[in-house]
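Since the structure is predicted, the reported quantities are computational estimates derived from the model, not experimental observations. In what follows, chains are A, B, ... by sequence order, proteins preceding strands, each numbered from 1.
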Amino acid sequence: MPMEKTFDAKTAEPRLYQMWEDAGAFKAGANASRDETFCIMLPPPNVTGHLHVGHAFNHTIMDMLTRWKRMQGYDTLWQPGLDHAGIATQLMVEKDLAAKGLPKRTEMGREKFLEKVWEWKAANGGQIEQQARRLGDSMDWSRSAFTMSGAESAPATEKPGNFHDAVLKVFVEMYNKGLIYRGKRLVNWDPHFETAISDLEVENIEVDGHMWHFKYPLAGGETYEYVEKDEDGNVTLRETRDYISIATTRPETMLGDGAVAVHKDDERYAPIIGKLCEIPVGPKEQRRLIPIITDPYPDMNFGSGAVKITGAHDFNDYEVAKRGNIPMYSLMDTKGNMRADGKPYIEEAATAQRIANGEQDFDEAMIAAMNMVPEEYRGLDRFEARKRVVADITAEGLSVMTVATDPRLEKPLKAPVAPEEGGEARTDADELVPLVEAKKIMQPFGDRSKVVIEPMLTDQWFVDTAKIVGPALDAVKEGRTKIMPESGEKVYYHWLENIEPWCISRQLWWGHQIPVWYGPMKVDGEWKGVQAFCAPTESEALLVAEQTYAGDTRVGTQEEVLANGFLDENDCVVIYRDPDVLDTWFSSGLWPFGTLGWPAEDEAMKYFPGDVLVTGQDILFFWVARMMMMSEAVLGKEPFHTVYLHQLVRDAKGEKMSKTKGNVIDPLDMIDAYGADALRFSNAQMAALGGVLKISEDRIKGYRNFGTKLWNAFSFADHYEIPYPGDAARPETTQTLNKWIIGETGKVRETVDAAMEAYRFNDAADALYAFTWGKVCDWYLEFSKPILQGEDAAAKAETEQTLRWVLDQCLILLHPIMPFITEELWQQADSRAKMLVHADWPTYTAAELVDTDADREMNWVIDLIDNVRSARAQVHVPAGAKVPLLVTGLDAKGQSAWDNNHVLIQRLARIESLSHVNDFPKGCVTIPMDGGTFGIPLADLIDVAEEIARLEKTMQKLGKELGGLRGRLNNPKFVESAPDEVVAEAKANLALRENEEAQLKAAIARLAEIG
RNA sequence: GGGUGAUUAGCUCAGUUGGUAGAGCGCUUCCUUUACACGGAAGAUGUCGGGAGUUCGAGCCUCUCAUCACCCA
């Protein structure tokens, strides 16, 4: 049956994938013929995720590596799985509930909600795993892992797994080693999701903001001499002030101010350091007085040089407040609204004043309970509160005023032009307005919620990263793990060397609930305070608690304890579990071994440590660094020896893809249009180390065409009815042509392997493209035609066998990049021992296969054909016309090359015959070659002027080269200092070029005679 | 402000111890010649961002300027 005209990717790809999967071709250890393992951990996509171009790219890299190693007989595992993605999934399910008109999360409660999440997962989760199959990914699906597998809430219908055990075990171990602690810290708070998030989940974006300038009056109407000086110490301003000027971008946080700080060297404020000033907002009678302190933080040249200190709502202020033991008043609730709880403002303000006056001691818990928001602002949204605070202060006349022409204003008036200069005086320009500077400010946003992040003082769990960062740094520094491209290592060092504690608790429900139970603590015989019991299970925690309390103990809910205390009516101690869950990245950090059955002693642990991690460089800190730290902390070993980082995949213009821009390329659309192989080839080809990844549909289309070219090469073999036995050994060859192509195959195999080993996938792809198209199709198939059609049965048989062997090598070498079309072509042969996916990767070398003489001869033949074709085209010999060829001074080598290959040359260059002559006749096109000068006699056909022009153009090019070569060789310093082989090469090159030059000169002279 | 990287043909990009620039796409001309028009043949196009330095020799190394991108404050 003749082959179809092209490869039908649409129908063949699903069929082939099914065949592989049914055969278990991707299972861990499939096709293994040696003990060495090769393991890649798929960066687990979110369970809510869909395949995008970034996945398509790095899956291609991982699949190429895995297929390549599997064909080499390694015991391979490409481990797939899904990440439970705490925030993203919880959000998705909440949206789903809203869309279906079901009760809200908070209304249905934790248990019921988690049930819904699992239901959602079963129905909609993990679609990406089906999409990955369309790419041809050779993962062991039977092992697909899930970061929440084995959770208490998981329904029985879920695939069994123990990832949950692994996560809790690690938490408990780290807790016991003192690597995890709980504390009240200022953290990034997402008011939308009402949870803490880590530094990495915050995006700082520059936005247009404002800077307000307010007057904080000095206590008791006190005044001081305020003096400003220029650089030379000349006084530029001197006035008596009864206030200190404060600049802020966040007026609503003034309510929580604990102090005003100035730099100790700031002479302007020296007279008032240690005095009290008044926060100019809130009920007039209860205005709070706060101290003016010194701290190194204020920048004398920024704003007024004086900074209000709101420890509970700003990271810099937090540090200042800690240094100065300044109370940090929290002003907002979990939604980012102004607090509405606590005592009336009058009482709170009085207490705060006593603290500020040093008349009352305070502790963390006491401060946390105080609500410093006056009644009029309570319950307001934080941005609304800001507006109201600004309006109130301004109305009271406590804004710093400036002229309306002040350039710092958002819309300053133009300075008036004096009447004598032709303008008119304007009174409005003299008017004073509040000083509100227009200012670009960096504002933190939640990377998922996109709302403004609020620094909040809350109790959270932290990993003491400083204690576990060492081995992760050493692993890279000592080369046990290599990060590619190398620039990634610098970035890695920089981050790890400046690492901050990692906030790992999240106020969410979907995730690994923190395995800590709280109970009361007895101090001096009295119940006072809280103590924690950390254990992997409730029963173990209870056991410890019972021993501790030596009495009746049970587990209750947090609500119960908050309402009734730790002791119930029967004097039974009640403990409750921390309601928070762990940061998703805490569990992802365990991916390299949690997927392999750990902590159980599973056989699959032989795949740890894995080999290569392929991921986007944007995730270096989020994930890579944490896997390094966690693997070292838990197993004392780095999780992989190579990290391959790639950039974000962009569109053809290099822009980020976004739905709003409408430039999103869906990899599945590309697969639909051009087939997975074309997309994969394009991905491989753009995988230059450290390169910018720009995906282009034209390029993908070009590689679809390449697939068709390969298809047609087989169609060619089919057409010539070349037997396709399959799995035939490399034939013994006598024909130069066959020796040559086998040598070329040896070269390309080495190039491909070297490129793959160096993670230079673009080089591998390019080499295969050039070999298959440029060598096999363009030359070898064309050269084989006369033999295949000829009478020499032995030569024909040998060529048939070689051709089949070479085409098979193309399939094998291309398979990791283009698995579908190659497997399809492979399967055409009747008898194959194995599928191509399990075929043996070749090990032959160029040294073994290259026949130097054959190589030289065929290159000479190709050169001659190229030159004849070029000459013909330039002097407009009709493409179909057969012309005679003349030659002078053909040496023995040239003669033998001609004799061996004249049939090929004549056919491809359209030559009728070859005649030896002593001199070329008039009107002859000259073709200089190594070993003889060829000519095409065209007599009257030739346009002499045109031919002279052609030769002179060639001479010009040659002249440039000759100039360079001669210049170098005439320079004694070059000959002295350059390596010998470089000099020798230049010399040989020069001789060759000079010979060519002589031939051209002669030809031009001959033509000149006619002219 | 700190860090990292980029700037090479019309476009998108390669170019690994410094030896005198390449690919794909696009473009021009010719060709439906029995594998392939998703094709074949021929061809054009580059002061390798600007400047300086090291060197016999620089796209590559050093300095500097410019522009852009990303990451972190």
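- Of the listed nucleotides (U34(B), G40(B), C56(B)), C56(B) has the atom at the smallest distance from the side chain of Lys973(A).
- Glu13(A) and Lys10(A) are not joined by a salt bridge, as no carboxylate oxygen comes within less than 4.0 angstrom of a charged side-chain nitrogen.
- For the pair Asn705(A) and Val776(A), both in contact range of RNA chain B, the more 5′-proximal nearest nucleotide belongs to Val776(A).
- Residue Tyr769(A) has no polar side-chain atom (N or O) positioned under 4.0 Å from OP1 or OP2 of G24(B).
- Phosphate proximity of A35(B) to Lys785(A): present, with a side-chain N or O under 4.0 Å from OP1 or OP2.
- If you check every strand for non-hydrogen atoms under 4.0 Å, Asp866(A) touches sugar and phosphate atoms only.
- For the C1' atoms, the distance from A23(B) to G18(B) is 23 Å, rounded to whole Å.
- Between Ser870(A) and the phosphate of A41(B), there is no side-chain N or O to OP1/OP2 separation shorter than 4.0 Å.
- Between Asp808(A) and Arg804(A) no salt bridge is recorded (no basic side-chain N to carboxylate O distance below 4.0 Å).
- G3(B) and U8(B) are spaced 25 Å apart, taking the P atom of each and rounding to whole Å.
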Open item on the list: Wobble G-U and Watson-Crick pairs count when both distances are under 3.5 Å; given that, what is the 5' to 3' dot-bracket string of RNA chain B, with | for pairing to other strands?
Closed with: (((((((..((((.....[..)))).(((((.......))))).....(((((..]....)))))))))))).
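- Residue-level contact check: Phe706(A) touches neither bases nor backbone, having no heavy atom under 4.0 Å from any strand.
- Taking every side-chain heavy atom of Lys709(A) into account, G40(B) is the closest of G40(B), C56(B), A41(B).
- Here Asp766(A) lies out of heavy-atom contact (under 4.0 Å) with every strand.
- Counting heavy atoms from C-beta outward, Ile61(A) and Asn683(A) have side chains that stay 4.5 Å or more apart.
- Two residues are said to be in side-chain contact when any heavy atoms from C-beta on lie closer than 4.5 Å; Leu807(A) and Tyr724(A) fail this criterion.
- Residue Lys5(A) is in sugar-phosphate contact alone, with no base atom involved, counting any heavy-atom pair closer than 4.0 Å across all strands shown.
- Across G50(B) and C68(B), the matching C1' atoms stand 15 Å from one another, rounded to whole Å.
- Distances were taken from every side-chain heavy atom of Arg760(A) (C-beta onward) to each of G15(B), G24(B), A35(B); the shortest belongs to G15(B).
- With sequence neighbours left out, Trp826(A) forms a ring pair (Phe, Tyr, Trp, His ring centres under 6.0 Å) with no residue at all.
- Considering only the side chain of Arg699(A), A23(B) comes nearest among A14(B), C36(B), A23(B).
- In this model, the phosphate group of G40(B) is approached by a side-chain N or O of Trp773(A) to a distance below 4.0 Å at OP1 or OP2.
- Between Met629(A) and Val624(A), every side-chain heavy-atom pair lies at or beyond the 4.5 Å cut-off.
- A distance of about 46 Å separates the P atoms of U28(B) and U64(B), rounded to the whole Å.
- Both Gln789(A) and Arg704(A) sit near RNA chain B, but only Gln789(A) has its closest nucleotide nearer the 5' end.
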Identify each donor-acceptor pair in which a side-chain atom of residues 763-775 of chain A lies under 3.5 Å from a protein atom, sequence neighbours left out, and give them as a table.
{"from": "Asp763(A)", "atom 1": "OD2", "to": "Arg760(A)", "atom 2": "NE", "distance (Å)": "3.0"}
{"from": "Asp766(A)", "atom 1": "OD1", "to": "Gln685(A)", "atom 2": "NE2", "distance (Å)": "3.1"}
{"from": "Thr772(A)", "atom 1": "OG1", "to": "Leu768(A)", "atom 2": "O", "distance (Å)": "2.7"}

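- Nucleotides G2(B) and G46(B) have their P atoms positioned 40 Å apart, rounded to a whole Å.
- Rounded to the nearest Å, the gap between the P atom of A73(B) and that of C65(B) is 27 Å.
- Rounded to a whole angstrom, the distance from the P atom of G40(B) to that of A21(B) is 27 Å.
- Thr708(A) comes within 4.0 angstrom of a nucleotide base, judged by non-hydrogen atoms across all strands.
- In this model, a donor atom of one side chain and an acceptor atom of the other lie less than 3.5 Å apart for Tyr674(A) and Glu697(A).
- The gap from the C1' atom of G15(B) to that of C60(B) amounts to 9 Å, rounded to the nearest Å.
- In this structure, of G39(B), U16(B), A41(B), it is A41(B) that holds the atom nearest to the side chain of Asp778(A).
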